[in-house]
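Because the structure is predicted, anything quoted here is derived from the model rather than measured.
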Amino acid sequence: MSFPFYIAKRYLRSKSSQNAVNIINFITFLVIVIGSAALFIVLSAFAGLKTFSLQFTNTFDPDLRAIPTTGKFFSISSENEKALSELEGVANYSKEIEERVYLTFREKGDLAFIKGVDENYRSVTGIDSTLYFGNWGVTEYNAVMGIGIYNSLGVPLNDYRTPMQVLAPKPGKGSFSPQSLNTKLYNDLSLVVSGVYAIEDNLDKKYVIAQLHLVQELLEKDSTQVSGVNFKLNGSVSLEDTRANIKNTLGEKTIVLTRRELNGTLYKMLNTENLATYLIFTLVLIIALFNVVGAIIMMILDKQTNSKTLFALGTTVKELRKIYFVQGVLVTSLGGLIGVLIGSILIGSQLAFEWLKITPSLAYPVEYDFMNVLVVLATIVILGLISSKIASSRITKKLVAQ
(Lines give C-alpha, C1' and ligand atoms only; values in the text may rest on other atoms or scores of the structure.)
Protein backbone atom coordinates (compact mmCIF):
# COMPACT_ATOMS: atom_id res chain seq x y z
CA MET A 1 0.00 0.00 0.00
CA SER A 2 1.47 3.37 -1.04
CA PHE A 3 1.87 6.14 1.49
CA PRO A 4 -0.58 8.62 -0.21
CA PHE A 5 -3.24 5.90 -0.47
CA TYR A 6 -2.81 4.96 3.20
CA ILE A 7 -3.22 8.55 4.39
CA ALA A 8 -6.13 9.20 1.98
CA LYS A 9 -7.93 6.13 3.29
CA ARG A 10 -7.51 7.32 6.89
CA TYR A 11 -8.80 10.78 5.98
CA LEU A 12 -11.79 9.15 4.29
CA ARG A 13 -12.79 7.26 7.44
CA SER A 14 -11.94 9.94 10.00
CA LYS A 15 -14.23 12.76 11.06
CA SER A 16 -13.22 16.38 11.13
CA SER A 17 -13.17 18.39 14.31
CA GLN A 18 -15.24 20.97 12.46
CA ASN A 19 -18.89 19.91 12.26
CA ALA A 20 -19.49 22.04 9.17
CA VAL A 21 -16.81 20.09 7.26
CA ASN A 22 -18.48 16.80 8.19
CA ILE A 23 -21.83 18.06 6.94
CA ILE A 24 -20.30 19.25 3.66
CA ASN A 25 -18.55 15.89 3.15
CA PHE A 26 -21.77 13.99 3.85
CA ILE A 27 -23.81 16.12 1.43
CA THR A 28 -21.11 15.70 -1.25
CA PHE A 29 -21.17 11.92 -0.84
CA LEU A 30 -24.99 11.86 -0.87
CA VAL A 31 -25.12 13.92 -4.08
CA ILE A 32 -22.77 11.48 -5.83
CA VAL A 33 -24.86 8.49 -4.69
CA ILE A 34 -28.14 10.06 -5.82
CA GLY A 35 -26.68 11.30 -9.11
CA SER A 36 -25.17 7.94 -10.08
CA ALA A 37 -28.33 6.06 -9.04
CA ALA A 38 -30.50 8.47 -11.08
CA LEU A 39 -28.27 8.12 -14.16
CA PHE A 40 -28.35 4.32 -13.95
CA ILE A 41 -32.15 4.21 -13.45
CA VAL A 42 -32.78 6.55 -16.40
CA LEU A 43 -30.47 4.57 -18.71
CA SER A 44 -32.17 1.33 -17.66
CA ALA A 45 -35.59 2.86 -18.26
CA PHE A 46 -34.59 4.02 -21.74
CA ALA A 47 -33.16 0.58 -22.51
CA GLY A 48 -36.50 -0.91 -21.51
CA LEU A 49 -38.43 1.61 -23.62
CA LYS A 50 -36.16 0.85 -26.58
CA THR A 51 -36.81 -2.89 -26.30
CA PHE A 52 -40.52 -2.24 -25.79
CA SER A 53 -40.68 -0.04 -28.92
CA LEU A 54 -38.69 -2.44 -31.07
CA GLN A 55 -40.79 -5.47 -30.15
CA PHE A 56 -43.53 -4.08 -32.39
CA THR A 57 -41.21 -4.10 -35.39
CA ASN A 58 -40.00 -7.59 -34.46
CA THR A 59 -43.53 -8.97 -34.83
CA PHE A 60 -44.28 -7.19 -38.10
CA ASP A 61 -40.95 -7.14 -39.93
CA PRO A 62 -38.97 -10.22 -41.06
CA ASP A 63 -35.30 -10.98 -40.42
CA LEU A 64 -34.47 -9.89 -43.99
CA ARG A 65 -36.50 -8.31 -46.76
CA ALA A 66 -35.63 -7.97 -50.44
CA ILE A 67 -37.09 -4.85 -52.08
CA PRO A 68 -36.67 -3.40 -55.58
CA THR A 69 -33.60 -1.26 -56.23
CA THR A 70 -35.72 1.14 -58.28
CA GLY A 71 -39.46 1.52 -58.59
CA LYS A 72 -42.13 -0.26 -56.56
CA PHE A 73 -42.13 -3.77 -58.04
CA PHE A 74 -39.82 -6.44 -59.40
CA SER A 75 -40.28 -9.87 -60.94
CA ILE A 76 -39.36 -13.12 -59.25
CA SER A 77 -39.23 -16.16 -61.51
CA SER A 78 -39.91 -19.80 -60.63
CA GLU A 79 -36.14 -20.41 -60.93
CA ASN A 80 -35.52 -17.65 -58.37
CA GLU A 81 -38.07 -19.19 -56.02
CA LYS A 82 -36.51 -22.64 -56.30
CA ALA A 83 -33.04 -21.22 -55.63
CA LEU A 84 -34.31 -19.28 -52.61
CA SER A 85 -35.94 -22.38 -51.12
CA GLU A 86 -32.60 -24.21 -51.36
CA LEU A 87 -30.51 -21.47 -49.75
CA GLU A 88 -28.73 -22.53 -46.59
CA GLY A 89 -29.70 -20.36 -43.64
CA VAL A 90 -33.21 -19.56 -44.94
CA ALA A 91 -35.96 -21.28 -42.94
CA ASN A 92 -38.79 -19.87 -45.06
CA TYR A 93 -39.67 -16.96 -47.31
CA SER A 94 -42.83 -15.11 -48.28
CA LYS A 95 -43.76 -12.91 -51.24
CA GLU A 96 -45.77 -9.72 -50.82
CA ILE A 97 -47.07 -6.81 -52.85
CA GLU A 98 -48.38 -3.54 -51.48
CA GLU A 99 -49.76 -0.27 -52.78
CA ARG A 100 -51.62 2.76 -51.51
CA VAL A 101 -55.39 2.46 -52.05
CA TYR A 102 -58.66 4.06 -51.08
CA LEU A 103 -60.98 2.10 -48.80
CA THR A 104 -64.69 2.76 -48.72
CA PHE A 105 -67.48 1.26 -46.63
CA ARG A 106 -70.98 2.65 -46.97
CA GLU A 107 -70.46 6.44 -46.71
CA LYS A 108 -67.05 6.33 -45.03
CA GLY A 109 -63.64 6.32 -46.72
CA ASP A 110 -59.98 6.19 -45.75
CA LEU A 111 -56.56 5.99 -47.40
CA ALA A 112 -54.38 3.02 -46.50
CA PHE A 113 -51.99 0.46 -47.93
CA ILE A 114 -53.19 -2.93 -49.09
CA LYS A 115 -50.65 -5.69 -48.55
CA GLY A 116 -51.06 -8.87 -50.55
CA VAL A 117 -49.31 -11.82 -48.93
CA ASP A 118 -48.94 -15.50 -49.68
CA GLU A 119 -49.59 -18.49 -47.43
CA ASN A 120 -46.08 -18.35 -45.88
CA TYR A 121 -46.38 -14.80 -44.53
CA ARG A 122 -47.71 -15.79 -41.11
CA SER A 123 -44.84 -18.24 -40.53
CA VAL A 124 -42.16 -15.78 -41.69
CA THR A 125 -43.33 -12.90 -39.47
CA GLY A 126 -44.93 -12.77 -36.03
CA ILE A 127 -48.15 -11.25 -37.34
CA ASP A 128 -50.28 -13.99 -35.74
CA SER A 129 -49.42 -12.68 -32.27
CA THR A 130 -50.82 -9.23 -33.16
CA LEU A 131 -54.33 -10.42 -34.05
CA TYR A 132 -56.55 -8.49 -31.64
CA PHE A 133 -59.84 -10.17 -32.48
CA GLY A 134 -61.31 -12.20 -35.31
CA ASN A 135 -59.28 -14.57 -37.50
CA TRP A 136 -57.66 -14.86 -40.91
CA GLY A 137 -60.88 -15.99 -42.53
CA VAL A 138 -61.96 -19.02 -44.48
CA THR A 139 -62.37 -17.59 -47.99
CA GLU A 140 -59.90 -15.91 -50.32
CA TYR A 141 -61.84 -12.65 -50.08
CA ASN A 142 -61.31 -12.32 -46.33
CA ALA A 143 -58.92 -9.63 -45.09
CA VAL A 144 -57.32 -8.46 -41.85
CA MET A 145 -56.94 -4.74 -41.11
CA GLY A 146 -55.35 -2.54 -38.46
CA ILE A 147 -57.54 -1.45 -35.57
CA GLY A 148 -57.03 2.21 -36.53
CA ILE A 149 -58.64 1.65 -39.96
CA TYR A 150 -61.29 -0.55 -38.37
CA ASN A 151 -62.32 2.25 -36.00
CA SER A 152 -62.23 4.82 -38.80
CA LEU A 153 -64.48 2.90 -41.20
CA GLY A 154 -66.61 1.02 -38.69
CA VAL A 155 -66.51 -2.17 -40.76
CA PRO A 156 -68.27 -5.10 -39.05
CA LEU A 157 -66.57 -8.49 -39.12
CA ASN A 158 -67.73 -11.12 -41.61
CA ASP A 159 -70.27 -8.85 -43.31
CA TYR A 160 -70.67 -10.73 -46.59
CA ARG A 161 -73.73 -8.73 -47.63
CA THR A 162 -71.95 -5.36 -47.57
CA PRO A 163 -68.21 -5.95 -48.12
CA MET A 164 -65.61 -3.21 -47.93
CA GLN A 165 -64.52 -1.79 -51.29
CA VAL A 166 -60.86 -1.29 -52.18
CA LEU A 167 -60.16 1.19 -55.00
CA ALA A 168 -56.81 1.42 -56.80
CA PRO A 169 -56.03 3.74 -59.74
CA LYS A 170 -55.41 1.90 -62.98
CA PRO A 171 -51.74 1.93 -63.98
CA GLY A 172 -50.83 4.02 -66.99
CA LYS A 173 -48.90 6.98 -68.31
CA GLY A 174 -49.75 10.34 -69.79
CA SER A 175 -52.50 12.85 -69.06
CA PHE A 176 -56.25 12.46 -69.03
CA SER A 177 -58.11 12.80 -72.32
CA PRO A 178 -61.83 13.48 -72.88
CA GLN A 179 -62.23 9.87 -73.99
CA SER A 180 -60.56 8.49 -70.86
CA LEU A 181 -62.94 10.40 -68.60
CA ASN A 182 -65.78 8.22 -69.92
CA THR A 183 -64.02 5.04 -68.80
CA LYS A 184 -63.48 3.61 -65.35
CA LEU A 185 -60.24 5.09 -63.94
CA TYR A 186 -59.79 2.64 -61.10
CA ASN A 187 -59.94 -1.05 -60.27
CA ASP A 188 -61.99 -2.24 -57.34
CA LEU A 189 -61.91 -5.23 -55.05
CA SER A 190 -64.53 -6.35 -52.53
CA LEU A 191 -63.13 -7.68 -49.25
CA VAL A 192 -64.81 -9.07 -46.17
CA VAL A 193 -62.99 -8.13 -42.96
CA SER A 194 -62.52 -11.22 -40.79
CA GLY A 195 -59.91 -10.02 -38.31
CA VAL A 196 -58.24 -6.97 -36.78
CA TYR A 197 -54.61 -6.61 -35.69
CA ALA A 198 -53.20 -4.16 -33.11
CA ILE A 199 -49.50 -3.30 -32.93
CA GLU A 200 -48.90 0.43 -32.58
CA ASP A 201 -50.69 3.55 -33.76
CA ASN A 202 -48.89 4.13 -37.08
CA LEU A 203 -49.07 0.50 -38.22
CA ASP A 204 -52.66 0.16 -36.96
CA LYS A 205 -53.72 2.91 -39.39
CA LYS A 206 -51.65 1.69 -42.33
CA TYR A 207 -52.42 -1.81 -43.62
CA VAL A 208 -55.15 -4.05 -44.90
CA ILE A 209 -53.77 -7.57 -45.44
CA ALA A 210 -55.29 -9.74 -48.18
CA GLN A 211 -54.43 -12.63 -50.52
CA LEU A 212 -51.44 -12.04 -52.80
CA HIS A 213 -53.12 -13.00 -56.08
CA LEU A 214 -56.13 -10.76 -55.41
CA VAL A 215 -53.94 -7.70 -54.85
CA GLN A 216 -51.87 -8.53 -57.95
CA GLU A 217 -55.06 -8.61 -59.99
CA LEU A 218 -56.25 -5.34 -58.42
CA LEU A 219 -52.99 -3.64 -59.40
CA GLU A 220 -52.95 -5.34 -62.82
CA LYS A 221 -49.71 -7.19 -62.07
CA ASP A 222 -48.91 -10.72 -63.15
CA SER A 223 -48.15 -13.53 -60.69
CA THR A 224 -44.37 -12.97 -60.85
CA GLN A 225 -44.47 -9.31 -59.83
CA VAL A 226 -44.02 -8.45 -56.15
CA SER A 227 -42.91 -5.48 -54.08
CA GLY A 228 -40.89 -7.52 -51.59
CA VAL A 229 -39.76 -10.94 -50.42
CA ASN A 230 -39.57 -11.60 -46.66
CA PHE A 231 -37.13 -14.09 -45.19
CA LYS A 232 -37.04 -15.97 -41.90
CA LEU A 233 -33.57 -17.27 -41.01
CA ASN A 234 -32.72 -20.46 -39.13
CA GLY A 235 -29.36 -19.27 -37.79
CA SER A 236 -27.26 -21.98 -39.43
CA VAL A 237 -25.47 -19.33 -41.51
CA SER A 238 -24.54 -15.81 -40.42
CA LEU A 239 -26.96 -13.04 -41.32
CA GLU A 240 -24.48 -11.27 -43.60
CA ASP A 241 -23.63 -14.45 -45.50
CA THR A 242 -27.31 -15.26 -45.98
CA ARG A 243 -27.93 -11.70 -47.09
CA ALA A 244 -25.17 -11.97 -49.71
CA ASN A 245 -26.54 -15.30 -50.97
CA ILE A 246 -30.04 -13.84 -51.37
CA LYS A 247 -28.60 -10.86 -53.20
CA ASN A 248 -26.69 -13.14 -55.57
CA THR A 249 -29.84 -15.19 -56.23
CA LEU A 250 -32.14 -12.25 -56.98
CA GLY A 251 -29.53 -10.13 -58.76
CA GLU A 252 -29.04 -6.38 -59.05
CA LYS A 253 -32.77 -5.67 -59.32
CA THR A 254 -33.13 -5.91 -55.52
CA ILE A 255 -31.49 -4.76 -52.30
CA VAL A 256 -31.69 -6.86 -49.14
CA LEU A 257 -32.34 -5.05 -45.86
CA THR A 258 -32.13 -6.24 -42.27
CA ARG A 259 -34.85 -5.51 -39.71
CA ARG A 260 -32.67 -2.73 -38.29
CA GLU A 261 -32.29 -1.12 -41.72
CA LEU A 262 -36.02 -1.39 -42.38
CA ASN A 263 -36.56 0.68 -39.22
CA GLY A 264 -33.49 2.89 -39.49
CA THR A 265 -35.35 6.06 -38.51
CA LEU A 266 -36.79 4.45 -35.37
CA TYR A 267 -33.39 3.09 -34.29
CA LYS A 268 -31.76 6.47 -34.93
CA MET A 269 -34.44 8.29 -32.94
CA LEU A 270 -34.17 5.91 -29.96
CA ASN A 271 -30.37 6.09 -29.93
CA THR A 272 -30.45 9.89 -30.16
CA GLU A 273 -32.91 10.12 -27.26
CA ASN A 274 -30.74 7.79 -25.20
CA LEU A 275 -27.60 9.83 -25.92
CA ALA A 276 -29.37 13.13 -25.18
CA THR A 277 -30.64 11.82 -21.84
CA TYR A 278 -27.19 10.54 -20.91
CA LEU A 279 -25.58 13.90 -21.75
CA ILE A 280 -28.20 15.85 -19.76
CA PHE A 281 -27.73 13.69 -16.66
CA THR A 282 -23.96 13.81 -17.10
CA LEU A 283 -24.19 17.61 -17.09
CA VAL A 284 -26.14 17.37 -13.82
CA LEU A 285 -23.40 15.12 -12.43
CA ILE A 286 -20.71 17.58 -13.54
CA ILE A 287 -22.47 20.35 -11.63
CA ALA A 288 -22.93 18.04 -8.63
CA LEU A 289 -19.25 17.05 -8.64
CA PHE A 290 -18.27 20.68 -8.11
CA ASN A 291 -19.25 19.78 -4.55
CA VAL A 292 -16.33 17.33 -4.56
CA VAL A 293 -13.95 20.15 -5.47
CA GLY A 294 -15.33 22.29 -2.64
CA ALA A 295 -15.29 19.40 -0.16
CA ILE A 296 -11.65 18.52 -0.92
CA ILE A 297 -10.58 22.18 -0.61
CA MET A 298 -12.38 22.34 2.75
CA MET A 299 -10.56 19.17 3.77
CA ILE A 300 -7.23 20.67 2.69
CA LEU A 301 -7.85 23.71 4.88
CA ASP A 302 -9.10 21.55 7.76
CA LYS A 303 -6.03 19.27 7.57
CA GLN A 304 -3.58 22.10 6.94
CA THR A 305 -1.79 21.45 10.26
CA ASN A 306 -1.41 17.74 9.40
CA SER A 307 -0.13 18.66 5.95
CA LYS A 308 2.49 20.96 7.48
CA THR A 309 3.60 18.15 9.79
CA LEU A 310 3.86 15.68 6.91
CA PHE A 311 5.78 18.24 4.85
CA ALA A 312 8.17 18.84 7.73
CA LEU A 313 8.75 15.08 7.99
CA GLY A 314 9.84 14.94 4.33
CA THR A 315 6.62 14.43 2.39
CA THR A 316 6.84 16.28 -0.92
CA VAL A 317 4.18 18.66 -2.26
CA LYS A 318 3.53 16.15 -5.06
CA GLU A 319 2.78 13.42 -2.52
CA LEU A 320 0.51 15.74 -0.53
CA ARG A 321 -1.42 16.54 -3.69
CA LYS A 322 -1.67 12.84 -4.40
CA ILE A 323 -3.17 12.22 -0.93
CA TYR A 324 -6.10 14.56 -1.57
CA PHE A 325 -6.38 13.44 -5.19
CA VAL A 326 -6.75 9.80 -4.09
CA GLN A 327 -9.22 10.83 -1.39
CA GLY A 328 -11.42 12.56 -3.99
CA VAL A 329 -11.27 9.55 -6.32
CA LEU A 330 -12.18 7.19 -3.45
CA VAL A 331 -15.16 9.37 -2.45
CA THR A 332 -16.55 9.56 -6.02
CA SER A 333 -15.89 5.89 -6.81
CA LEU A 334 -17.47 4.66 -3.58
CA GLY A 335 -20.45 6.98 -4.08
CA GLY A 336 -20.82 5.73 -7.66
CA LEU A 337 -20.74 2.09 -6.57
CA ILE A 338 -23.36 2.62 -3.87
CA GLY A 339 -25.52 4.63 -6.29
CA VAL A 340 -25.37 1.88 -8.92
CA LEU A 341 -26.17 -0.70 -6.24
CA ILE A 342 -29.25 1.27 -5.14
CA GLY A 343 -30.27 1.74 -8.78
CA SER A 344 -29.82 -1.99 -9.41
CA ILE A 345 -32.05 -2.84 -6.46
CA LEU A 346 -34.78 -0.51 -7.73
CA ILE A 347 -34.55 -1.82 -11.30
CA GLY A 348 -34.49 -5.42 -10.05
CA SER A 349 -37.58 -4.80 -7.92
CA GLN A 350 -39.40 -3.32 -10.93
CA LEU A 351 -38.51 -6.36 -13.03
CA ALA A 352 -39.59 -8.73 -10.25
CA PHE A 353 -42.69 -7.02 -8.83
CA GLU A 354 -43.72 -4.50 -11.55
CA TRP A 355 -44.69 -1.94 -8.89
CA LEU A 356 -44.58 0.99 -11.34
CA LYS A 357 -47.38 0.78 -13.92
CA ILE A 358 -48.15 2.73 -17.09
CA THR A 359 -51.63 1.22 -17.18
CA PRO A 360 -53.24 -1.22 -14.73
CA SER A 361 -52.12 -4.10 -16.96
CA LEU A 362 -48.81 -2.74 -18.30
CA ALA A 363 -45.72 -2.30 -16.15
CA TYR A 364 -43.21 0.41 -16.97
CA PRO A 365 -40.58 -1.32 -19.14
CA VAL A 366 -37.04 -1.39 -17.75
CA GLU A 367 -34.01 -3.46 -18.66
CA TYR A 368 -30.96 -4.35 -16.58
CA ASP A 369 -27.95 -4.02 -18.84
CA PHE A 370 -24.42 -4.55 -17.52
CA MET A 371 -23.18 -2.06 -20.11
CA ASN A 372 -25.16 0.65 -18.31
CA VAL A 373 -23.36 -0.27 -15.08
CA LEU A 374 -20.01 0.22 -16.81
CA VAL A 375 -21.12 3.49 -18.44
CA VAL A 376 -22.27 4.99 -15.12
CA LEU A 377 -19.17 3.88 -13.20
CA ALA A 378 -16.86 5.08 -15.98
CA THR A 379 -18.64 8.46 -16.05
CA ILE A 380 -18.40 8.88 -12.28
CA VAL A 381 -14.75 7.82 -12.13
CA ILE A 382 -13.70 10.10 -15.02
CA LEU A 383 -15.53 13.10 -13.56
CA GLY A 384 -14.11 12.21 -10.13
CA LEU A 385 -10.57 12.15 -11.52
CA ILE A 386 -11.03 15.57 -13.10
CA SER A 387 -12.61 17.20 -10.02
CA SER A 388 -10.04 15.62 -7.66
CA LYS A 389 -7.20 16.83 -9.86
CA ILE A 390 -8.58 20.37 -9.83
CA ALA A 391 -9.04 20.39 -6.04
CA SER A 392 -5.71 18.76 -5.16
CA SER A 393 -3.83 21.31 -7.26
CA ARG A 394 -4.64 23.83 -4.50
CA ILE A 395 -1.85 22.27 -2.43
CA THR A 396 1.22 24.48 -2.83
CA LYS A 397 4.54 24.76 -1.05
CA LYS A 398 3.53 28.17 0.25
CA LEU A 399 0.40 26.68 1.88
CA VAL A 400 2.22 23.93 3.82
CA ALA A 401 5.38 25.88 4.60
CA GLN A 402 3.65 28.78 6.35
Side-chain angles (χ1 to χ4, degrees), residues 60-62 65-81 84 93-121 124-125 127 137 139-146 148-149 152-153 155 162-193 202-203 205-231 246-247 249-257 262:
F60 200 80
D61 291 322
R65 176 180 291 162
I67 61 174
T69 305
T70 58
K72 295 182 178 181
F73 310 102
F74 67 95
S75 295
I76 177 170
S77 64
S78 56
E79 290 79 11
N80 290 147
E81 291 194 51
L84 289 175
Y93 73 91
S94 166
K95 298 180 293 181
E96 68 173 41
I97 187 169
E98 70 175 62
E99 183 59 284
R100 194 171 180 86
V101 294
Y102 183 72
L103 308 175
T104 177
F105 178 74
R106 293 178 180 170
E107 296 180 355
K108 295 180 180 179
D110 199 3
L111 287 171
F113 282 85
I114 188 164
K115 183 189 285 283
V117 299
D118 63 16
E119 64 278 2
N120 295 329
Y121 183 73
V124 170
T125 64
I127 192 69
T139 74
E140 64 177 350
Y141 289 98
N142 283 132
V144 171
M145 63 166 50
I149 307 172
S152 174
L153 295 179
V155 185
T162 315
M164 177 182 67
Q165 297 297 313
V166 181
L167 310 179
K170 288 186 177 182
K173 296 181 179 179
S175 58
F176 291 113
S177 63
Q179 293 77 16
S180 67
L181 294 176
N182 297 323
T183 62
K184 195 175 181 182
L185 301 177
Y186 58 86
N187 297 321
D188 62 288
L189 172 65
S190 299
L191 291 176
V192 177
V193 179
N202 290 330
L203 290 174
K205 296 177 180 178
K206 188 173 183 180
Y207 287 113
V208 173
I209 303 173
Q211 294 285 332
L212 176 63
H213 71 92
L214 290 179
V215 181
Q216 287 172 329
E217 291 173 9
L218 175 70
L219 302 177
E220 297 186 10
K221 304 296 179 183
D222 61 52
S223 61
T224 66
Q225 288 187 290
V226 296
S227 58
V229 182
N230 303 309
F231 296 90
I246 294 170
K247 177 69 177 175
T249 301
L250 294 178
E252 296 300 320
K253 61 187 175 183
T254 63
I255 56 174
V256 183
L257 302 177
L262 288 169

* Chi angles and distances behind the side chain to side chain contact (heavy atoms under 4.5 Å, CB included) call for I67, L257 -> CA-CA 8 Å; I67 61 174; L257 302 177; 3.6 Å; yes
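- Between F74 and V229 the shortest heavy-atom distance is CZ-CG2, 3.8 Å.
- Scanning all heavy atoms of the two residues, the minimum distance from N187 to E220 falls at ND2-OE2, 3.0 Å.
- Between S75 and T224, the closest side-chain pair of non-hydrogen atoms falls below 4.5 Å.
- Contact between G71 and P68 at its shortest, heavy atoms only, is O-CG, 3.5 Å.
- Under the 4.5 Å side-chain criterion, counting only non-hydrogen atoms from C-beta, V208 is in contact with M164.
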* Kindly indicate, with the supporting measurements, whether the criterion side chain to side chain contact (heavy atoms under 4.5 Å, CB included) is fulfilled by L214 and L212. => CA-CA 6 Å; L214 290 179; L212 176 63; over 6 Å; no
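- One distance of note links NZ of K115 with CE of M145; it measures 15.0 Å at 0.5 Å rounding.
- Note that CD1 of I97 is 12.0 Å distant from CG of D118, once rounded to the nearest 0.5 Å.
- A donor-acceptor contact closer than 3.5 angstrom is absent between the side chains of Q216 and S223.
- Rounding to the nearest 0.5 Å places CD1 of I76 at 12.0 Å from CD of Q225.
- In this structure, S227 and F73 have side chains that are in contact, with non-hydrogen atoms separated by less than 4.5 Å.
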* To do: Dump the intermediate steps for ring-ring contact (aromatic ring centres under 6.0 Å, His included) on F60 and Y207, then the final yes or no.
  => CA-CA 11 Å; F60 200 80; Y207 287 113; 5.3 Å; yes
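- By the 6.0 Å contact criterion, NZ on K221 is enclosed, its count of non-hydrogen atoms from other residues, nucleotides or ligands being greater than 12.
- Atom CG of L167 and atom CG of L103 lie 8.0 Å apart (nearest 0.5 Å).
- Taking the side chain as every heavy atom from C-beta outward, R65 and E96 approach each other to under 4.5 Å.
- Between E99 and K72 there is a salt bridge, since a side-chain N of the basic residue sits under 4.0 Å from a carboxylate O of the acidic one.
- Scanning both residues, A210 and A143, for their nearest heavy atoms gives CB-CB, 4.4 Å.
- Considering only heavy atoms from C-beta on, E217 stays 4.5 Å or farther from L189 through its side chain.
- A donor-acceptor distance shorter than 3.5 angstrom exists from the side chain of T69 to the backbone of K253, with no hydrogens or angles considered.
- How far CG of D188 is from CG of L218: 8.0 Å, rounded to the nearest 0.5 Å.
- To the nearest 0.5 angstrom, L153 atom CG is 13.0 Å from E107 atom CD.
- Within the 4.5 Å cutoff, side-chain heavy atoms of N80 are placed close to those of L250.
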* To do: I would like to know whether Y121 and I127 meet side chain to side chain contact (heavy atoms under 4.5 Å, CB included); could you show each step before the answer?
  => CA-CA 8 Å; Y121 183 73; I127 192 69; 4.0 Å; yes
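- The shortest heavy-atom contact between Y141 and S190 is CD2-O, 3.5 Å.
- Between I246 and Y93, the closest side-chain pair of non-hydrogen atoms is not below 4.5 Å.
- The two residues N142 and T139 come nearest to each other via the heavy atoms OD1-N, 2.9 Å.
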* To do: Please lay out, stage by stage, how V117 and I209 fare under the test side chain to side chain contact (heavy atoms under 4.5 Å, CB included).
  => CA-CA 7 Å; V117 299; I209 303 173; 3.7 Å; yes
